[in-house]
Protein chains: 2
Amino acid sequence: MPYDPSAFPPFAVTVDLVVLTVRRHALCSLAIRRGEAPFQGRWALPGGFVRADEDLSQAAARELVEETGLCAHDPAAPAQDNGAHLEQLATYGDPKRDPRMRVVSVAHLALAPDLPAPRAGGDASNARWAPVEELLQQGGYGRDGEPVAPLAFDHAQILADGVERARSKIEYSSLATAFCPSEFTVGELRRVYEAVWGVVLDPRNFHRKVTGTPGFLVPTGGTTTRQGGRPAQLFRAGGATLLNPPMLRPEV
Amino acid sequence: MPYDPSAFPPFAVTVDLVVLTVRRHALCSLAIRRGEAPFQGRWALPGGFVRADEDLSQAAARELVEETGLCAHDPAAPAQDNGAHLEQLATYGDPKRDPRMRVVSVAHLALAPDLPAPRAGGDASNARWAPVEELLQQGGYGRDGEPVAPLAFDHAQILADGVERARSKIEYSSLATAFCPSEFTVGELRRVYEAVWGVVLDPRNFHRKVTGTPGFLVPTGGTTTRQGGRPAQLFRAGGATLLNPPMLRPEV
DNA sequence: ATCATAGTCGTCTGCCTGACGATAAACACT
DNA sequence: AGTGTTTATCGTCAGGCAGACGACTATGAT
């Protein structure tokens, strides 16, 4: 059959972002309050249309900068600071996922260190870091006692998939360091694992594991007492990306 | 900003399939010869446009049936036979990946047992199972001495990603059984791992591992000598989907 | 009868993990 | 200055699992 431009239906293609960070010992996601219908006033994941001339990863990186100011880590140039990890998550294309039209959304997952307050087009009240637990509970009540509305569209599913990806990926990769500032202690890294997995880990075994894995951490020589207690060595992320053998997530 | 239908560029959305199987101790992928420009006469992955009223996974399952006659395993009803595993792989949307227009392709990965000859729209000469090694080598010569043209579009990248997904996924899941018929022996399952990973495994340690993992294999009671040698017990896939601890892929 | 092939059961050793004791170095009190 | 608290770090020990490999079994082929 010859090429026929009318043989396919037109789609809108967007990127949505699951931006995760660890704040106050909790795994948090960036959420944006919708200013327009549908789902006006409800919380949603940041995202937007893919432009005609840009790749999907470019679109995701652009949205990330627009929403957070974060520069996505280019895998080819992992040297720069303040860079978040960014990877494609999955694509969602249910015909009814957007009531207005047929939209296919390519969701991306970003892991970022703890940041100052977010901004959404300059309006801070319409963007926030919310614990994923709070965003994912349906029809419950938040910590402030107010009723919690579920996320817009299918964003609860996307967020859940992103969280699950993050949880499994820090098992066998060194990605947990993407949640840390450029220099961090073993204890800070452990608190990242504890927050993402929602478990408590043995500090001694964790220390043995991460310091004993070649290429995972490189000491910077400095120490810090910002967590209180005995001064802790500072490290930065080493070159290794894969953890072998993996970090074991405790059984339920 | 209000909703404006002209605010986004239109895209064509397709699904492409990486259909993998194990034939004659080699990991093979389904390839279709293109009958039209661009890349006319070159091999490509099967795929097609997503219809206006179908979900992405529905489109992938439909293409799979059209190309192979395989029914995709519905995760909710894993009882049926002859069902292939089907999952979303990744989405490819480089603006220049299709010279005709802006196409975003949602690639899916299917794992199937060894099948009779494939068909492509009824024309068997335009569809074949080819060793992935052969499809991925660029500018070399195939086993028959003929020069090998690279796959059309970015399908070499998609195939490589699918193969890598399959290789890593059989480590920590029981998905390798998707390459086997409904009843199989431990040795046949081992040859699947050997073909997908391109390694040689110790039959004794492999046997201990798979029979010692609860829920991985359930004996059917029958035996077979179809591989020669001493009769081997027949098994079918158990209910377990996750392998913990995982099957370890030998170091390079 | 002998051989080749493939399957199955054991043994041993080394590595890694989980559990947990012990020590070290800071700060906050009194 | 001493005492308690907190966090970091080092060590020890037992159990589980994987890799290496020996031994035996049950078929078909010659």
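Just so it is clear: chains get the letters A, B, ... in the order the sequence lines come, proteins before strands, and each one is counted from 1.
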Item checked: Nearest-neighbour nucleotide for the B:Ala232 side chain, D:dC17, D:dA8, C:dG7 considered -> C:dG7
Next item on the list: Send over the distance from B:Asp202 CG to D:dA23 P, rounded to a whole Å.
Entry: 15 Å
Notebook entry, point to check: Can you tell me if the side-chain N/O atoms of B:Arg190 get under 4.0 Å from OP1 or OP2 in C:dG7?
Noted result: yes
Next item on the list: Verify the neighbour count for atom CD of A:Glu133: are there more than 12 heavy atoms of other residues, nucleotides or ligands below 6.0 Å?
Entry: no
Next item on the list: Could you tell me the separation between the CG atom of B:Leu201 and the P atom of D:dA18, rounded to a whole number of Å?
Entry: 13 Å
Check: Of all the nucleotides listed (C:dA22, C:dT8, C:dG18), which has the minimum atom distance to the side chain of B:Val186?
Finding: C:dT8
Next item on the list: Report yes or no: does A:Arg236 contribute a side-chain atom to a donor-acceptor pair with the main-chain N or O of A:Val218 at less than 3.5 Å?
Entry: no
Next item on the list: Please confirm whether the backbone N or O of A:Thr185 pairs with a side-chain atom of A:Glu188, one donor and one acceptor, at under 3.5 Å?
Entry: yes
Checklist line | Minimum-distance nucleotide to B:Arg204 side chain [options: D:dA26, D:dC21, D:dA8] | finding: D:dC21
Check: Just by modelled atom types, is the B:His25 backbone N or O under 3.5 Å from a matching donor or acceptor in the B:Glu194 side chain?
Finding: no
Notebook entry, point to check: Considering only C:dT8, D:dT9, C:dG7, which nucleotide approaches the side chain of B:Pro203 most closely?
Noted result: C:dT8
Next item on the list: Specify the closest pair of heavy atoms between A:His155 and A:Leu45, including all atoms of both residues, with the distance to one decimal.
Entry: ND1-N, 3.0 Å
Next item on the list: Kindly calculate the angle separating the two end axes of the helix from C:dA1-D:dT30 to C:dT30-D:dA1, each obtained from five base pairs, and round it to 10 degrees.
Entry: 0°
Next item on the list: Classify the side chain of B:Arg230 versus the base of D:dT25 as yes if they form a donor-acceptor pair under 3.5 Å and no if they do not.
Entry: yes
Check: Taking it one step at a time, do B:Asp161 and B:Tyr92 satisfy side-chain hydrogen bond (donor to acceptor under 3.5 Å, both in side chains)?
Finding: CA-CA 11 Å; B:Asp161 291 347; B:Tyr92 300 81; 2.5 Å; yes
Notebook entry, point to check: Hey, does the side chain of A:Arg191 come within less than 4.0 Å of D:dA8's phosphate (OP1/OP2), counting only N and O?
Noted result: yes
Next item on the list: For the pair B:Ser29 (side chain) and B:Val132 (backbone), establish whether a donor and an acceptor sit closer than 3.5 Å, ignoring hydrogens and angles.
Entry: no
Next item on the list: Ignoring hydrogens and angles, tell me if any N or O in the side chain of A:Arg165 forms a donor-acceptor pair with the backbone of A:Leu89 under 3.5 Å.
Entry: yes
Next item on the list: Show your working on side chain to side chain contact (heavy atoms under 4.5 Å, CB included) between B:Ser168 and B:Arg249 and close with a plain yes or no.
Entry: CA-CA 9 Å; B:Ser168 71; B:Arg249 176 158 30 164; 4.1 Å; yes
Check: For DNA chain C, what residues of residues 205-225 of chain A have any heavy atom nearer than 4.0 Å?
Finding: A:Asn205, A:Arg208, A:Lys209
